[in-house]
Colleague: 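Have a look at the structure that comes next, please.
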Amino acid sequence: MNNQIRRSIERYVKKYGQQDTRVVISLFAKRFNTTKQRISGNISYMKCIEQSINIISNKPHSIMY
């Protein structure tokens, strides 16, 4: 399921461009009926391990692209 979540997030960001990470986390938690922590962990994995997305830290909202 994690792989499916990561691919969906990747396609979403490619299609819609830069996104607020909080919005993406909330949207995909509802879409996959799972916890926000799980979605956040998948985004972290995509950034650190796969390097398929980039995140600009800008408190209070981070932007992913």
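Quick caveat: nothing in here was measured; it's all calculated off a predicted structure. This chain uses plain numbering: 1 for the first residue, then up along the sequence.
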Colleague: Report the residues that fulfil side-chain contact (heavy atoms from CB on, under 4.5 Å) with Val24, sequence neighbours left out, ordered by chain and then residue number.
Modeller: Ile9, Tyr12, Gln19, Phe28, Ile43, Met64

Colleague: Look at the side-chain heavy atoms of Ile, Leu, Val, Met, Phe, Trp and Tyr, link any pair under 4.5 Å apart, and say whether Ile55 and Leu27 land in one connected group.
Modeller: yes

Colleague: Taking side-chain contact (heavy atoms from CB on, under 4.5 Å) as the definition, give me every residue that meets it alongside Asn2, ordered by chain and number, with sequence neighbours left out.
Modeller: Ile5, Arg6, Arg38, Asn42

Colleague: Suppose the criterion is salt bridge (Lys or Arg N to Asp or Glu O under 4.0 Å): which pairs have a residue in residues 12-35, not counting sequence neighbours?
Modeller: Glu10-Lys14

Colleague: Suppose we screen for side-chain contact (heavy atoms from CB on, under 4.5 Å). Which residues come up paired with Gln18, at least two apart in sequence or across chains?
Modeller: Ile63, Tyr65

Colleague: Going by side chain to side chain donor-acceptor pair (under 3.5 Å), name the residues that satisfy it together with Asn3, two or more places apart in sequence or in a different chain.
Modeller: Arg7

Colleague: Which heavy atom of Ile25 sits nearest to which heavy atom of Ser40, and what is that distance?
Modeller: CD1-CB, 4.1 Å

Colleague: Is Tyr16 reachable from Val13 through a run of hydrophobic residues whose side-chain heavy atoms are each under 4.5 Å from the next?
Modeller: yes

Colleague: State which residues pass side-chain contact (heavy atoms from CB on, under 4.5 Å) with Ser44; sequence neighbours excluded, sorted by chain then number.
Modeller: Cys48

Colleague: Please find the pair of heavy atoms, one from Ser57 and one from Ser62, that lie closest to each other, and give the distance.
Modeller: CA-OG, 3.8 Å

